[in-house]
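Here the structure comes first, spelled out in structure tokens, and everything after it is commentary.
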Amino acid sequence: MRWSRTLITTLRDDPQEAEIASHKLMVRAGLIRKLSGGLYTFMPFGVRALHKVAQIVREEMNRAGAQEILMPALQPAEMWERSGRLATMGPGMFRLKDRVERMMVLGPTHEEVTTEMMCNEVSSYRQLPCTVYQIQTKFRDEIRPRFGLMRAKEFIMKDAYSFDVSYEAADASYQAMYDAYVRIFKRCGLLARPVEADTGDIGGKWSHEFMVLADSGEDGVIDCPACGYAANQERAERKAGPTSTPTQDGTLEEVATPNVRTIEQLMAFFKCPGDLFLKTLIYVADGKPVAVLVPGDRELNEPKFKRLLGVKKLELADDATIQSVTGAPVGFAGPVGLTIPLYADQALKDSVGRISGANKADTHLKNVSLARDAKVLAFEDLVMVGSGDSCPRCGKPLQIKRGIEVGHVFKLGTKYSESFDAKFLSPEGQRELMVMGCYGIGVTRTLQAVVEQNHDADGICWPISVAPFVVTLLNLDTKDAAVCAVVDQLEKELQDAGVDVFVDDREDRPGVKFKDADLIGCPIRVVVGSKGLAKGGVEIKLRTSKDVAIVPVDQAVADIVGRVKKFV
RNA sequence: CGGAGCGUAGCGCAGCCUGGUAGCGCGUUUGGUUCGGGACCAAAAGGUCGAGGGUUCAAUUCCCUCCGCUCCGACCA
């Protein structure tokens, strides 16, 4: 492929639309172009890299025994009613009607379609286990598309679904996918870390996310360097540590606190540490108000609370609800005298001598003892785990990092087999539910994660496995016949040797070509110029190294092939 | 959806406050000089100033509405 014949335009300036390095670079290097928010066109170089990622995924899926299929992206909404997800995924799905007014959706994922298909195809235990997968475009009406390919409305996902005769067998399928994921991300040149995760709307009991550590990641990752415990911040647990000792214990006492509402203001007012306050949050869970207490210096972890309540929808109460539930304006809620269900973080168990709102305007209570003064339904781990908290396994301090979720593996159990009555005949002649697992990789997101993790100040540094081209061949003197002859020869020989080569044959000055070569970032750069030839050959340089080797023309291809082999 | 910001040439931006019909850099085209880390000179093409409405003799500029984009929160591969 030659630059002069390729649709690739590089940009000197960072695009205004991009915030993070990988997004800027992908646009600058001419890999993607935005159509609209969350919708991107893959340009020739972008597709090449994308196909390489997809191919790695495909090879490893096949190796793990999964079978590739391809399901429609357009699906009848009725299937989603059956699983109950039309309600839960609701606005996240693109919906449309066909010409006879039938409700359709653009598939955000394919549990329903797969389960229905397997239900029809599988009748005997002899056909199991079976894992199918596809690499296909998914549609999600994201509330906020972000960071280019990171969170898009239309994206390419590899989704796999396993079907087994039992939970034990399903565990083996899960493990096979887990292992395949480890290999996939490694082959893509990514440092990805499996962490325990929440299951969200997909459902199921247990899941692992594969996180690419990056400061620009959207998720918090809790990590224990001591024992290896790792979890998504949403799910992460902690061992409740010691709290400040209350200055005194005693009887409840009202204190006038005009306009003192926030914890910061309270700390200043009472002159004591934040964890001695009871932060009282009023939520609305599936339409009903509930209250939750966390130490004043902590944040509530909403997913954990939602899981504890077992509700579909959980949101902070509005001012009017707070007023009617507590009888006080925002900022003065407290546990004492509340009539709605009340929950509390485990760290507050046996807490005494605390300060909370009095459910009365401009008033707080001192010396609150939860056991004595309030009715707490349950003490659970409900706070957002942060840096320095104690590991739930080993008690050592935890660290917090940022991560990009590139893959997610779920143990689904029988959630979908029940909805679709997906059963098989056991050896004993019984009809039994298939036990499922589902496994996703964001292929387009993975591609961008590769860039996020592999770049420097000058541009992308592609791992050879997913680079659009392995070699960029720079023709520095396009008007010099001898140089052009060498370029032509090397291009042909490299192609014959099976090495992807891209030739920069533009009539530009050398500096422009060097800059663009660094920006696009193919792993091996070969320079052919009259000066180099006079010095004895062509120059070979790795994108990630400063060393330049001058190699005689007749040895160049062998040298390059040798370097390619070293990469793999 | 809540909060913040931005829409002016393919890209990055200025102009707007204090109305008078648009400018800079990059890129593109042509000619010339250059030629090993984003050259220089000259000429040229390229703009319904996001859309609609209002105020005004006159609106890119002031006012209103809408749309789009980006960032921070809840969702997720």
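Order of the sequence lines fixes the chain letters, A, B, ..., with proteins taken first and strands second; residue numbering starts at 1 for each chain.
In this structure, CD of A:E299 is placed 14 Å from C1' of B:A74, rounded to the nearest angstrom. The separation between A:K479 atom NZ and B:U34 atom P is 12 Å, rounded to whole Å. The CG-P distance, from A:D141 to B:A74, rounds to 19 Å in whole Å. We find that CE of A:M89 is positioned 11 Å from C1' of B:A77, with the value rounded to whole Å. In this structure, A:E507 places its CD atom 10 Å from P of B:U30, rounding to the nearest Å. The distance between atom CD of A:E19 and atom C1' of B:C69, rounded to the nearest whole Å, is 13 Å. Rounded to whole Å, the distance from NZ on A:K24 to P on B:U70 is 14 Å. Atom pair A:M177:CE and B:A77:P shows a separation of 17 Å (rounding to whole Å applied).
Nucleotide B:A14 has no partner under the Watson-Crick or G-U criteria, as no pair reaches both atom distances under 3.5 Å. Applying the Watson-Crick and G-U wobble criteria (two distances, each under 3.5 Å), B:C69 pairs with B:G5. Pairing for B:U48 is absent, judged as Watson-Crick or G-U wobble with the two contacts each under 3.5 Å. Across all strands shown, B:U34 forms no Watson-Crick or G-U wobble pair with both distances under 3.5 Å. Under the Watson-Crick or G-U wobble criterion, with both distances below 3.5 Å, B:G20 is paired with B:C57.
Nearest-nucleotide mapping onto RNA chain B: of A:M157 and A:G37, the residue sitting toward the 5' end is A:G37. When the nearest nucleotides of RNA chain B are assigned to A:K535 and A:L149 by heavy-atom distance, the more 5′-ward of the two goes with A:K535.
Nucleic acid contact for A:F147: sugar-phosphate only, since backbone atoms but no base atoms lie under 4.0 Å from a heavy atom of the residue. Among the heavy atoms of the strands lying under 4.0 Å from A:K34 are primed sugar atoms or P, OP1, OP2 only; no base atom is included. Within 4.0 Å (heavy atoms only), A:E142 reaches at least one base atom of the nucleic acid. Within 4.0 Å (heavy atoms only), A:T446 reaches no atom of the nucleic acid at all. Among the heavy atoms of the strands lying under 4.0 Å from A:D14 are primed sugar atoms or P, OP1, OP2 only; no base atom is included. The residue A:G529 sits close to a base: some heavy atom pair falls under 4.0 Å. A:A18 comes within 4.0 angstrom of nothing in the nucleic acid, heavy atoms only.
Side chains of A:V409 and A:Y174 form a contact here, defined as non-hydrogen atoms less than 4.5 Å apart.
Atom C1' of B:A77 sits at a distance of 29 Å from the matching atom of B:G5, rounded to the whole Å. For the C1' atoms, the distance from B:A14 to B:U61 is 14 Å, rounded to whole Å. A distance of about 16 Å separates the C1' atoms of B:G52 and B:U60, rounded to the whole Å. Atom name P, nucleotides B:U28 and B:U18: the rounded distance is 41 Å, in whole Å. The same atom, P, is picked in B:G23 and in B:G68; the two are 32 Å apart, to the nearest Å. One C1' atom belongs to B:G19, the other to B:C76, and the distance between them is 49 Å to the nearest Å. Taking atom P on both nucleotides, B:C13 is separated from B:U8 by 9 Å, rounded to a whole Å. Separation of the P atoms belonging to B:C6 and B:G50 is 14 Å when rounded to the nearest angstrom.
Contact annotation: side chain of A:R445 to base of B:C76, donor-acceptor pair present below 3.5 Å. Between the side chain of A:D13 and the base of B:C13, no donor-acceptor pair of N or O atoms lies under 3.5 Å.
Results of the salt bridge (Lys or Arg N to Asp or Glu O under 4.0 Å) test with A:E218 over A:R144, A:R402, A:R151 single out A:R151 as the only residue that passes.
OP1 or OP2 of B:C1 has not a single side-chain nitrogen or oxygen of A:R144 nearer than 4.0 Å.
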Review item, side-chain donor-acceptor pairs of residues 35-51 of chain A, under 3.5 Å, at least two apart:
{"residue": "A:Y40", "atom": "OH", "partner": "A:H23", "partner atom": "NE2", "Å": "3.2"}
{"residue": "A:R48", "atom": "NE", "partner": "A:P468", "partner atom": "O", "Å": "2.8"}

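Aromatic ring centroids of A:F185 and A:F210 lie under 6.0 Å apart.
No hydrogens or angles considered: a donor-acceptor pair under 3.5 Å links the side chains of A:E452 and A:S216. With no hydrogens or angles considered, a side-chain donor-acceptor pair links A:K158 and A:Y181 at under 3.5 Å.
Across A:A77 and A:V105, no two heavy atoms sit closer than the pair CB-CG1, 4.0 Å.
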Sequence-aligned protein contact record of nucleotides 37-44 of chain B, with B where the base is within under 4.0 Å of a protein heavy atom and S where only the sugar-phosphate is: BBB-----

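Salt-bridge check for A:E68 with A:R58: passed, with a basic side-chain N closer than 4.0 Å to an acidic carboxylate O. Using a 4.0 Å cut-off between charged side-chain N and carboxylate O, A:K513 and A:D508 make no salt bridge.
The neighbour count for A:E299 CD, taken as heavy atoms of other residues, nucleotides or ligands under 6.0 Å away, does not exceed 12.
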